[in-house]
**Student:** 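My questions will all concern the structure given below.
Note that the numbering runs from 1 along the sequence shown for the chain.
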Amino acid sequence: MEGRRLVKQKLLRYGYTTGTCAAAASKAAATMLFEKELMTSVSITTPNGTDLVIDVLNPRFSEKTASCSIEKDSGDDPDITNGTIVSADVTLIPDSDEVHIEGGKGVGKVTKPGLDQNVGEYAINSVPRKMIRESLIGLAKENSYDGGFHVVISVPDGEKLAKKTFNPDLGIVGGISILGTTGIVEPMSSKALADSIKVEISVLSAEGNDSILIYLGNFGRKFATEELDLNPNPGIMCSNFVDVALDSSVEFGFKRILLIGHIGKLVKLGIGMFNTHSHNGDGRIETLLSCALEAGADLETLTEIQNCITTNAVLDILWDKDLLHETMKILKGRVEYNISKRIPSEIEIGFICFANTGEYSGVLFESENASNLKSFWKN
């Protein structure tokens, strides 16, 4: 891989997906069947147009069957599948014109609706399947072969790796998924997490749910279950991806949404920041400063707030100055306004913002409909 990306002033190397590995291994195996020579490397073009030349491991072939492996290279992305071996066994099927693709050892099977593949299918997603088919059909044309192929993709360590992924929660059993939309792994990318949130929401929708709890991090889930006595399901943890969680909930037809988050994250919704990761900006103290000003804080108080580095420190000041209630009321209005601009009016959405330290610990503010929405998740 020659691609590089500048992240935090470091030049990081791109990698390639398990889907690219599966397609490359399939192409190399099929090539051996036609050329009757062992392959040591294979060239492949990813869906985003990147041309790769990848080393081939353990090549073997006979008259009608060939197999080989590709080692997954995630570049400088912290990916648990880095170094994983992805193998392909390809068999010529002369009396067919189809490319039949299935999973072998270490490739999971889908057991819940709402995923890229149907229930009962191997978790080899659409784009990798397309890459495999196009590669093999191209080789067939080049070699005047009008038959079909049977392809088995396997990942020897897949079952062990799957325990470190979202797969068991999503209903993918027996191994990992063969994934990839562009074919390339971007270093330090948060896309995988965002994609997994969307998949979780699609699964909840496919199960027939029309109400969803969205927690802004572990604190949100803990507060919902321990302090509000709510059943955490159907619900998802969105981390910093409030935007993805909300937009996906709308996309998959949920009628009711309840957001629960700590002030440290939820305050950012007050300035319309729906991806709350610090890489995208901060604005927490500035937002509280502005709300406190509107609530009547004097210059001395505003100066104290400006010097704070945590939301808890700001809350301490507002509590001491008897400004907490009014400031939170103003922040609530801003959060409500920004959410209303994002969510269609026919969807009922509410929110609960809390703190877990200080004399003010508990709910800081909540939408007017929060009490009614909570009833859908009451134990």
Side-chain angles (χ1 to χ4, degrees), residues 213-230 238-243 245-246 257-343 348-374:
L213 268 177
I214 299 175
Y215 318 106
L216 279 66
N218 288 310
F219 283 157
R221 182 184 176 92
K222 184 176 181 180
F223 188 81
T225 56
E226 296 183 6
E227 302 299 327
L228 300 179
D229 192 30
L230 301 183
C238 74
S239 184
N240 293 302
F241 297 94
V242 184
D243 50 356
L246 290 178
I257 304 170
L258 181 58
L259 284 172
I260 301 179
H262 184 271
I263 181 71
K265 284 187 181 291
L266 204 139
V267 64
K268 294 187 178 183
L269 274 58
I271 53 172
M273 185 181 288
F274 284 86
N275 185 316
T276 60
H277 199 290
S278 57
H279 291 166
N280 299 311
D282 194 347
R284 295 168 301 149
I285 307 305
E286 291 81 0
T287 303
L288 292 172
L289 183 72
S290 174
C291 292
L293 174 62
E294 190 175 338
D298 58 24
L299 182 58
E300 180 183 355
T301 301
L302 295 173
T303 301
E304 288 182 46
I305 292 173
Q306 189 173 27
N307 292 330
C308 292
I309 59 173
T310 67
T311 52
N312 284 339
V314 177
L315 297 183
D316 286 341
I317 293 169
L318 294 173
W319 175 263
D320 291 340
K321 302 286 186 178
D322 199 25
L323 287 167
L324 183 60
H325 176 75
E326 188 62 25
T327 302
M328 292 299 101
K329 180 180 176 182
I330 292 164
L331 178 57
K332 168 193 166 185
R334 295 187 184 188
V335 170
E336 205 158 44
Y337 173 74
N338 288 319
I339 287 177
S340 70
K341 289 194 298 180
R342 193 173 193 107
I343 302 298
E348 186 176 12
I349 182 166
F351 52 86
I352 298 172
C353 179
F354 66 91
N356 52 6
T357 59
E359 296 180 73
Y360 44 79
S361 179
V363 174
L364 292 172
F365 62 86
E366 62 182 26
S367 58
E368 300 300 325
N369 61 353
S371 293
N372 179 60
L373 284 171
K374 281 187 289 186

**Student:** Evaluate the criterion side-chain contact (heavy atoms from CB on, under 4.5 Å) for residue pair Ile339 and Leu259; output intermediate values, then yes/no.
**Tutor:** CA-CA 10 Å; Ile339 287 177; Leu259 284 172; 3.9 Å; yes
**Student:** Please report the closest heavy-atom contact between Ser371 and Glu366, naming both atoms and the distance.
**Tutor:** OG-OE2, 3.7 Å
**Student:** Got a second to check how far Ile349's CD1 is from Ser340's OG, nearest 0.5 Å?
**Tutor:** 9.5 Å
**Student:** Taking all non-hydrogen atoms of both residues, which atom of Thr276 and which atom of Ser239 are closest, and how far apart?
**Tutor:** OG1-O, 4.3 Å
**Student:** Minimum heavy-atom separation for Gly350 to Asn369, with atom names?
**Tutor:**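 The answer is CA-OD1, 3.4 Å.
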**Student:** Sequence neighbours left out, cut at 3.5 Å: what donor-acceptor pairs do the side chains of residues 351-362 make with other protein atoms?
**Tutor:**
residue, atom, partner, partner atom, Å
Asn356, OD1, His262, NE2, 3.3
Thr357, OG1, Asn312, ND2, 3.4
Glu359, OE2, Trp319, NE1, 3.4
Tyr360, OH, Asn312, O, 3.2
Tyr360, OH, Asp316, OD1, 2.7
Ser361, OG, Ala355, O, 3.4

**Student:** Are Leu266 and Phe365 close enough that some pair of their side-chain heavy atoms sits under 4.5 Å apart?
**Tutor:**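 Side-chain contact under 4.5 Å: yes.
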**Student:** What I'd like to find out is whether the side chain of Leu269 reaches to under 4.5 Å of the side chain of Arg342, using heavy atoms alone.
**Tutor:**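 No, side chains not in contact.
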**Student:** Going by salt bridge (Lys or Arg N to Asp or Glu O under 4.0 Å), name the residues that satisfy it together with Glu286, two or more places apart in sequence or in a different chain.
**Tutor:** none
**Student:** Kindly give the heavy-atom pair with the smallest separation between Glu326 and Ala295, and that separation in Å.
**Tutor:**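 Heavy atoms of Glu326 and Ala295 come nearest at CG-CB, 3.7 Å.
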**Student:** Strictly by modelled atom types, are Ser290 and Arg334 linked by a side-chain donor-acceptor pair under 3.5 Å?
**Tutor:**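 Note: Ser290 and Arg334 side chains meet the donor-acceptor criterion.
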**Student:** Could you please spell out the steps behind the side-chain contact (heavy atoms from CB on, under 4.5 Å) verdict for Lys329 and Glu294?
**Tutor:** CA-CA 10 Å; Lys329 180 180 176 182; Glu294 190 175 338; over 6 Å; no
**Student:** Between Leu288 and Val267, is there a side-chain heavy-atom distance shorter than 4.5 Å?
**Tutor:**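 The answer is yes, as the side chains (C-beta and beyond) meet within the 4.5 Å cut-off.
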**Student:** Does the side chain of Leu258 come within less than 4.5 Å of Lys374's, by heavy atoms?
**Tutor:**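 Sidechains of Leu258 and Lys374: in contact.
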**Student:** Between the side chain of Asp322 and the main-chain N/O of Leu318, is any donor-acceptor distance below 3.5 Å?
**Tutor:**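 Side chain of Asp322 to backbone of Leu318: no pair is present.
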**Student:** Under the side-chain hydrogen bond (donor to acceptor under 3.5 Å, both in side chains) definition, can you give me all pairs with a residue in residues 215-226, not counting sequence neighbours?
**Tutor:**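 Checked against side-chain hydrogen bond (donor to acceptor under 3.5 Å, both in side chains) - neighbours excluded - no pair reaches residues 215-226.
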**Student:** For the OG1 atom of Thr287 and the CD1 atom of Ile330, what is their distance to the nearest 0.5 Å?
**Tutor:** 12.5 Å
**Student:** Would you name the heavy atoms of Ile271 and Gly283 that are closest together and state the gap between them?
**Tutor:** CD1-CA, 4.1 Å
**Student:** Using side-chain heavy atoms (C-beta onward) and a distance below 4.5 Å, is Thr310 in contact with Val314?
**Tutor:**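 The answer is no; the side chains never approach within 4.5 Å.
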**Student:** Give, for atom CG of Leu293 and atom CG of Leu289, the distance between the pair rounded to the nearest 0.5 Å.
**Tutor:** 7.0 Å
**Student:** Please report the closest heavy-atom contact between Gly272 and Asn338, naming both atoms and the distance.
**Tutor:**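 Heavy atoms only, the tightest pair is N-ND2, 3.2 Å.
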**Student:** For salt bridge (charged side-chain N to carboxylate O under 4.0 Å, His left out), just list the numbers for Lys341 and Glu336, CA-CA rounded to whole Å, side-chain angles, deciding distance to a tenth of an Å, and then say yes or no.
**Tutor:** CA-CA 9 Å; Lys341 289 194 298 180; Glu336 205 158 44; over 6 Å; no
**Student:** Between Leu323 and Thr301, is any pair of side-chain heavy atoms under 4.5 Å apart?
**Tutor:**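 A side-chain contact exists here, since the closest heavy-atom pair is under 4.5 Å.
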**Student:** Within this structure, what is the CD1-CG distance for the pair Ile214 and Leu246, rounded to the nearest 0.5 Å?
**Tutor:** 5.0 Å
**Student:** Could you walk me through whether Leu315 and Ile263 satisfy the side-chain contact (heavy atoms from CB on, under 4.5 Å) test, starting with their C-alpha distance in whole Å, then the side-chain angles of each, then the deciding distance to 0.1 Å, before giving a yes or no?
**Tutor:** CA-CA 10 Å; Leu315 297 183; Ile263 181 71; 3.9 Å; yes
**Student:** To the nearest 0.5 angstrom, please state how far the OG1 atom of Thr327 sits from the NZ atom of Lys321.
**Tutor:** 12.5 Å
**Student:** Quick one: do Leu331 and Met328 satisfy side-chain contact (heavy atoms from CB on, under 4.5 Å)? Show the steps, please.
**Tutor:** CA-CA 5 Å; Leu331 178 57; Met328 292 299 101; 4.2 Å; yes
**Student:** Any non-hydrogen side-chain atom of Glu348 less than 4.5 Å from a side-chain atom of Ile257?
**Tutor:** no
**Student:** Working to the nearest 0.5 Å, report the span between SG of Cys238 and NZ of Lys265.
**Tutor:**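 Reported to 0.5 Å precision, the distance equals 8.0 Å.
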**Student:** Are the side chains of Lys268 and Asp282 in touch, meaning some heavy atoms are under 4.5 Å apart?
**Tutor:**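 Sidechains of Asp282 and Lys268: in contact.
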